[in-house]
Amino acid sequence: MSNSNAHDHYPLPILLVGGGPGKMKCGRHLKYEGHTPMTSLLVTMLDKVGVKHETLGDSTGTLENL
């Protein structure tokens, strides 16, 4: 939690390690717009491993450039 009193995860840096056997480009630093839902990262990761799921929690879809 970035702000544990509010159970808020903004701004919370996320480190994603691994390349998903060629599914993601490694060695980059990506910065997304403020208040991008973390669940959008989870939906994107599901998509990369072949699990098609349009939404999860407050996600707004998949993240580009991941």
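The first residue of the sequence shown is numbered 1, and numbering continues consecutively from there. Atom set for the values below is all heavy atoms of this structure, side chains included, hydrogens, waters and symmetry mates excluded.
- Heavy-atom minimum distance, Thr44 versus Thr62: OG1-CA, 3.2 Å.
- Rounding to the nearest 0.5 Å gives a distance of 7.0 Å between CG of Leu46 and CG of Leu56.
- Annotation for Leu63 and Ser40: closest pair CD2-CB, 3.8 Å, computed over non-hydrogen atoms.
- By the 4.5 Å heavy-atom criterion applied to side chains, Leu16 and Met24 are counted as neighbours.
- Between Ser59 and Thr55, the shortest heavy-atom contact is OG-CA, 3.3 Å.
- The two residues Leu66 and Arg28 make their nearest non-hydrogen contact at C-NH2, 3.5 Å.
- A pairwise comparison of heavy atoms in Glu54 and Val43 identifies O-CG1, 4.0 Å as the closest pair.
- Ile14 has its side chain out of reach of Tyr32: every pair of non-hydrogen atoms, C-beta onward, lies at least 4.5 Å apart.
- Side-chain contact between Lys23 and Val49 is absent, with no heavy-atom pair separated by less than 4.5 Å.
- Atom NE2 in His35 sits 13.0 Å away from atom OG1 in Thr60 (nearest 0.5 Å).
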Query raised in the report: Would Thr39 and Asp58 satisfy side-chain hydrogen bond (donor to acceptor under 3.5 Å, both in side chains), going step by step from the backbone distance to the final call?
Result: CA-CA 6 Å; Thr39 50; Asp58 62 349; 2.6 Å; yes
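- To the nearest 0.5 Å, atoms CG (Asp47) and NE2 (His53) are separated by 12.0 Å.
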